[in-house]
Amino acid sequence: MTDVRPRSRTGIAARLLVAMTLVLAVAALAGWLVASALGPTLFHRHMLDAERGPGGMMQHAEQAFASASAVTIAVALAAAVLTALVASTLLARRIGASLGTLSAAAGQVASGRFDVRLDDPGMGTEFDDLADAFNAMAGRLDHDQELRRRLMADVAHELRTPVATIVAYVDALEDGVQDLTPEAVEVLRAQTSRLTRLATDLSAVTQVESGTLVLDRRRVAPRLLVDTAVSAVRARADDAGIALVRRVATQLPVLEVDVDRIGQVLANLLDNAIRHTPAGGTVTVSAERSAAGVRLSVDDTGEGIDEEHLPYVFERFYRADTARDRAHGGSGIGLAIAKALVQAHGGSVSARSAGPGRGSTFAVDLPAPAEPGFIGS
Ligand SMILES: Nc1ncnc2c1ncn2[C@@H]1O[C@H](COP(=O)(O)OP(=O)(O)O)[C@@H](O)[C@H]1O
Ligand SMILES: [Mg+2]
């Protein structure tokens with residue numbers, strides 16, 4: 001991917017024009033040289049013949065003119081053909097070489113080597129653009145392959161622990177080392193539900209990130225999104241002894257979103273907030289105006305997130321406190337799903353925290369539709 005030479009912005013048309021102009025110029029030059037070198041001598045000889053020999057002056061002049069033009073045209077034509085031959089051979093060789101490199105690289109990509117990149121072909125804008133597009137394609141394939149590899153590794157890692165626990169319990173039950181106590185059943189149930197959750201989350205994140213997700217956008221007031229999300233977790237928050245507060249600004253623009261998907265985003269954020277906030281804490285869901293549209297946020301007074309983990313919490317399988325978050329039953333995919341869903345809406349997500357023990361805030365910024373509507377509240 002070295003790109004040291006400055007790129008020329010001339011295209012193939014310009015190069016062809018130059019070649020043809022060169023052919024014409026060489027022909028003209030050859031014609032002119034021949035005409036100026038041969039013409040006078042030919043005329044001179046014919047004039048001498050006219051004085052001495054038979055035939056009139058006129059006839060000799062005509063003969064002189066005819067032979068001078070014939071020679072001139074023949075030489076000019078020969079020069080033109082020769083130049084055209086050289087120019088088109090050179091041009092064809094350059095184009096052929098560039099195409100050859102391209103097809104060799106395409107062949108490598110086809111055989112699964114996604115790390116090949118084309119150097120600047122130096123054959124005009126069309127080839128430069130083609131090389132850029134090719135490199136972008138190879139880069140994208142390379143990136144996707146890397147993602148796939150990482151995903152497989154992550155999934156294998158996630159499967160190993162619950163499966164190992166289940167196998168150990170089943171073996172122990174079979175050997176009579178362990179009785180089927182309510183605690184054992186509880187452990188088995190927790191591990192199987194972790195597997196179930198992993199499967200659900202994986203299929204969700206795969207669907208969203210592959211871009212095959214079709215959004216069913218509808219006009220909806222932000223207030224409704226907040227209310228629905230809050231009602232869904234009201235009972236859980238009460239059980240956990242957490243105060244649930246909703247705060248919706250007045251005069252918010254109407255959003256045009258897939259209500260279920262944004263509901264899922266808020267549900268994931270609320271699930272985290274409740275899980276990471278001890279009894280006596282508060283979780284606040286709010287909707288307010290932002291530069292581009294509306295900002296929905298979920299704020300808690302809980303454990304908070306250390307600065308070193310903040311940039312990564314939206315990554316798949318990332319857990320700030322691995323042991324504890326895993327014990328909580330989290331698969332570490334909730335925020336990755338939330339991010340992908342919000343991005344599918346043209347929005348963005350962000351996380352803030354004043355540090356461990358000082359709560360966290362997750363914000364979802366959604367753009368308002370181009371043709372705005374307002375709902376007073
Ligand atoms: N409200 C929060 N307070 C503290 N930490 C959080 C909060 N939300 C998310 N996190 C951290 O971010 C990690 C990723 O979250 P998420 O993708 O939802 O995975 P999980 O399945 O663990 O909930 C969590 O494991 C946790 O460490
Ligand atoms: Mg979560």
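Indexing begins at 1, ligand by ligand and atom by atom, following the structure's order. What's counted below: heavy atoms across the whole structure, side chains too, no hydrogens, waters or symmetry copies.
- Under 4.0 angstrom from ligand 1, there are no non-hydrogen atoms of Glu303.
- Between Leu99 and Phe127 there is a side-chain heavy-atom pair separated by less than 4.5 Å.
- Glu288 is not listed as a side-chain neighbour of Arg247, based on a closest heavy-atom distance of 4.5 Å or more.
- Between Val298 and Val283, the closest side-chain pair of non-hydrogen atoms falls below 4.5 Å.
- Looking at Thr361 and Asp299, their side chains do bring a donor and an acceptor atom within 3.5 Å of each other.
- Taking 2.8 Å as the threshold, Asn268 does not count as a candidate ligand of the Mg ion (ligand 2), since none of its N, O or S atoms lies below it.
- Among Ile305, Thr361, Asn272, the residue whose heavy atom sits closest to atom 6 (C) of ligand 1 is Ile305.
- Between Asp271 and ligand 1, no pair of N/O atoms sits closer than 3.5 Å.
- Ligand 1 has Gly304 within reach: a non-hydrogen atom of the residue lies less than 4.0 Å from it.
- Asp238 has no carboxylate O lying under 4.0 Å from a charged side-chain N of Arg236, or vice versa, which leaves the two without a salt bridge.
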Give the intermediate values and the outcome of salt bridge (charged side-chain N to carboxylate O under 4.0 Å, His left out) for residues Arg295 and Asp365.
CA-CA 4 Å; Arg295 164 172 285 201; Asp365 285 299; 2.9 Å; yes
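- For ligand 1, the atoms lying closer than 4.0 Å to a non-hydrogen atom of Val313 are 12 (O), 14 (C).
- Here Leu269 has no heavy atoms under 4.0 Å from ligand 1, in either its backbone or its side chain.
- Each of the following atoms of ligand 1 lies closer than 4.0 Å to a heavy atom of Tyr318: 13 (C), 14 (C).
- With no hydrogens or angles considered, no side-chain donor-acceptor pair links Thr301 and Thr282 at under 3.5 Å.
- Here Phe362 has side-chain heavy atoms under 4.0 Å from ligand 1, and that is the only part of it that gets that close.
- Which parts of ligand 1 touch Leu335 is read off a 4.0 Å heavy-atom cut-off, strictly below it: atoms 9 (C), 12 (O), 14 (C), 15 (O), 16 (P), 17 (O), 18 (O).
- Between His309 and ligand 1 there is no heavy-atom distance shorter than 4.0 Å.
- Within a 6.0 Å radius of CE in Met47, more than 12 heavy atoms belonging to other residues, nucleotides or ligands are found.
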Check the pair Glu256, Arg219 against salt bridge (charged side-chain N to carboxylate O under 4.0 Å, His left out), reporting the backbone distance first and the verdict last.
CA-CA 4 Å; Glu256 207 167 299; Arg219 293 173 75 81; 3.4 Å; yes
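- Near Ala273, meaning under 4.0 Å from any of its heavy atoms, are these atoms of ligand 1: 1 (N).
- A salt bridge links Arg117 with Asp142: at least one charged nitrogen is closer than 4.0 Å to a carboxylate oxygen.
- Taking distance alone, with nitrogen or oxygen atoms compared against 3.5 Å, Ser360 approaches ligand 1 more closely than that limit.
- Residue Arg197 has no N or O atom closer than 3.5 Å to an N or O atom of ligand 1.
- For atom 20 (P) of ligand 1, the nearest non-hydrogen atom from the set Gly334, Gly302, Gly332 comes from Gly332.
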